[in-house]
2 protein chains.
Amino acid sequence: MLKYQQIATEIEKYIEDHALQQGDKLPVLEKLMAQFDVSKSTITKSLDLLEKKGVVFQVRGSGIFVRRHKRKGYISLLSNQGFKKDLEEFTITTEVIELNVIKPSEEVALNLNIKADDDVYSVKRVRYINGQTLCLEESFYNKAIITYLNKEIVSESIFHYIREGLGLKVGFSDLYLHVDMLTEEEAGYLGLKQGMPKLYVETVFHLTNGQPFDFSKITYNYEQSQFVIQADSHFL
Amino acid sequence: MLKYQQIATEIEKYIEDHALQQGDKLPVLEKLMAQFDVSKSTITKSLDLLEKKGVVFQVRGSGIFVRRHKRKGYISLLSNQGFKKDLEEFTITTEVIELNVIKPSEEVALNLNIKADDDVYSVKRVRYINGQTLCLEESFYNKAIITYLNKEIVSESIFHYIREGLGLKVGFSDLYLHVDMLTEEEAGYLGLKQGMPKLYVETVFHLTNGQPFDFSKITYNYEQSQFVIQADSHFL
DNA sequence: CAGTGGTCTAGACCACGGG
DNA sequence: CCGTGGTCTAGACCACTGA
């Protein structure tokens, strides 16, 4: 693990362990440089990382402060999918409906940037949070990249398997959000009524080298759908 | 303007002007260093910024590539609110319903971190996109920070005024998303029917020094609500 | 104006991708 | 193995905050 990641992890852990609150001040840069015995840029890089994650904010001429959003029970939309590890307050379970190798529809081929006769894994799952239906998820994986899947893997965290099992590096993703009304089929899976609202999210995941490998369509139960995003206005 | 911001802007402009597509390769670091006559770290910082904005992605050992999401007509959820300047494909207009100075409700006081007898500006607006209702927006501004507002300012971009007119620096924001059904009042403003789906977003904006100054509650017309988020898995 | 964070440099060395 | 991006350093100098 890289120095600046290691340091970021330790600082984050420190904030957690000491239950620091929004606005609490961290030691000044010079202190941190001494404490971790690294150069200024390395500390800065750690802090930039934590800032990106929404853990701290830095104020020039003043200090480095803890950032916390109030509100419990919200799921972080961007914590890199498979909200699995968000907070252990949530218990997420998964029911696998389907797992097949198929030829892609035009839509899937387009989003995964593959040809009509390439193979894809098609996975359909319902996910539960604390026993309630959370979402219906239909995912498509480029089989040339995700070479093997089985029911066991798919009922756990697929992303963990992709990283650890297959040794692939997940890069960036594009999320497309809509709000709409549930179809009869979706309502059935989620235990709701047709015509009720839904949050519908399509996501394309890419490897670090830019190759798309996962196209997912997720329909959320609106009753469980409370999301938080910690945004950064550093780019504007 | 700082060097690395300037360079980022130029590179982005270059990509736009030459209509580069996803996967197109940019010159190697050495070339860029020479071209802009800066050190490696400065170029790197520019590219990191562009990566955060979703404009490029960098692959170690290979190169720097243009990132583009397909799909037109989506509004970027995170492009720092007041989607005003997103793409000029959209024409956003604003109708001001209310503009008052009031005492905050408990909810508002909590989110703005002020006392019950502090003053806040309360602004209620309906925003239109290409002539259709886009959203109903109810915003509350800490009057101790946003010292003056009038109907003219409020019918244009408030954030532009905050930055340029008041010289304040906008920092980070917390977004809370829900999906729900329209109340009768909301439906009226949006020209929809009660009980139809809505995307409901509450946002707390902070200055760079961490002070919250704007608490907004936005109800989106689901028919116009297509959002895109370009996420980065650099933190995980 | 002292304290503190941010920018920028020049250069050494490391790690990954792909032929 | 080469080309390429990423990390890390030490230090100079700049810019903002707040007393």
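In what follows, every chain begins at residue 1, and chains take the letters A, B, ... in the order their sequences are listed. Values reported hereafter were calculated over all heavy atoms of this structure, with side chains retained and with hydrogens, waters and symmetry mates removed.
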Item checked: Closest heavy-atom pair and its distance - A:Phe172, B:Phe57 ->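 Minimum heavy-atom contact is CE2-CG, 3.4 Å.
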Whole-Å distance between [N] [atom2] and [X] [atom1]?
X       : N      : atom1 : atom2 : value
A:Leu26 : C:dT4  : CG    : P     : 13 Å
A:Leu29 : D:dC16 : CG    : P     : 17 Å
B:Gln6  : C:dC8  : CD    : P     : 11 Å
A:Ile43 : D:dT9  : CD1   : P     : 9 Å
A:Lys25 : D:dT17 : NZ    : C1'   : 11 Å
A:Lys31 : C:dG5  : NZ    : C1'   : 15 Å
A:Leu32 : C:dG6  : CG    : P     : 12 Å
B:Asp48 : C:dC8  : CG    : P     : 13 Å

Notebook entry, point to check: Base, sugar-phosphate alone, or nothing: which one does A:Thr42 contact when heavy atoms must sit under 4.0 Å apart?
Noted result: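 Sugar-phosphate only.
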Next item on the list: Under 4.0 Å between any heavy atoms, over every strand shown, what does A:Lys169 touch: base, sugar-phosphate, or nothing? Just pick one.
Entry: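 If one applies the 4.0 Å heavy-atom cut-off, A:Lys169 turns out to touch the sugar-phosphate alone, with no base involved.
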Next item on the list: Would you state whether a donor and an acceptor, one from the side chain of B:Lys40 and one from the base of C:dG11, lie under 3.5 Å apart?
Entry: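 By the distance-only test, no, there is no pair.
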Check: Is it true that A:Asp174 and B:Arg67 make a salt bridge, defined as a side-chain N closer than 4.0 Å to a carboxylate O?
Finding: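 A salt bridge links A:Asp174 with B:Arg67.
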Check: Using 4.0 Å as the upper bound for N to carboxylate O, is an ion pair formed by B:Lys217 and B:Glu138?
Finding: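 No salt bridge links B:Glu138 with B:Lys217.
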Would you tabulate the side-chain donor-acceptor contacts of residues 206-213 of chain B under 3.5 Å, counting partners in other chains and residues two or more places apart, or write 'none'?
residue: B:His206; atom: ND1; partner: B:Gly210; partner atom: O; Å: 3.2
residue: B:Asn209; atom: OD1; partner: B:Gln211; partner atom: N; Å: 3.0

Next item on the list: With the side chain counted from C-beta on, respond yes when A:Asn113 and A:Val204 share a heavy-atom pair under 4.5 Å apart, and no when they do not.
Entry: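 They are not in side-chain contact.
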Next item on the list: Report the residue (B:Leu2 or B:Glu51) whose heavy-atom-nearest nucleotide on DNA chain D is the more 5′ of the two.
Entry: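 Its nucleotide being nearer the 5' end, the pick is B:Glu51.
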Notebook entry, point to check: Pick the nucleotide of DNA chain D nearest each of A:Asp37 and B:Glu30; which residue has the one closer to the 5' end?
Noted result: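 Closest to the 5' end, via its nearest nucleotide, is B:Glu30.
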Next item on the list: Mind running a 4.0 Å heavy-atom check of residues 57-69 of chain B against DNA chain D and sending the residues that fall below it, in number order?
Entry: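 Listed by number, they are B:Gln58, B:Val59, B:Arg60, B:Gly61, B:Ser62, B:Gly63, B:Ile64.
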Checklist line | Greater than 12 external heavy atoms within 6.0 Å of A:Asp37's CG | finding: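 No - once you tally the heavy atoms of other residues, nucleotides and ligands closer than 6.0 Å, there are 12 at most.
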Next item on the list: State whether the number of non-hydrogen atoms from other residues, nucleotides or ligands found under 6.0 Å of B:Gln6 atom CD is greater than 12.
Entry: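 Atom CD in B:Gln6 is crowded, with more than 12 foreign heavy atoms closer than 6.0 Å.
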Check: If you pin B:Met1 and A:Asn209 to their nearest nucleotides in DNA chain C, which one's is more 5'?
Finding: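 Nearest-nucleotide comparison on DNA chain C picks B:Met1.
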Check: So, is B:Tyr4 close to the C:dT7 phosphate, meaning a side-chain N or O under 4.0 Å from OP1 or OP2?
Finding: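 Looking at the OP1 and OP2 atoms of C:dT7, one of them is under 4.0 Å from a side-chain N or O of B:Tyr4.
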Next item on the list: Give a yes/no answer on whether the side chain of B:Lys45 brings an N or O atom under 4.0 Å of OP1 or OP2 in C:dT7.
Entry: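 Indeed, a polar side-chain atom of B:Lys45 lies that close.
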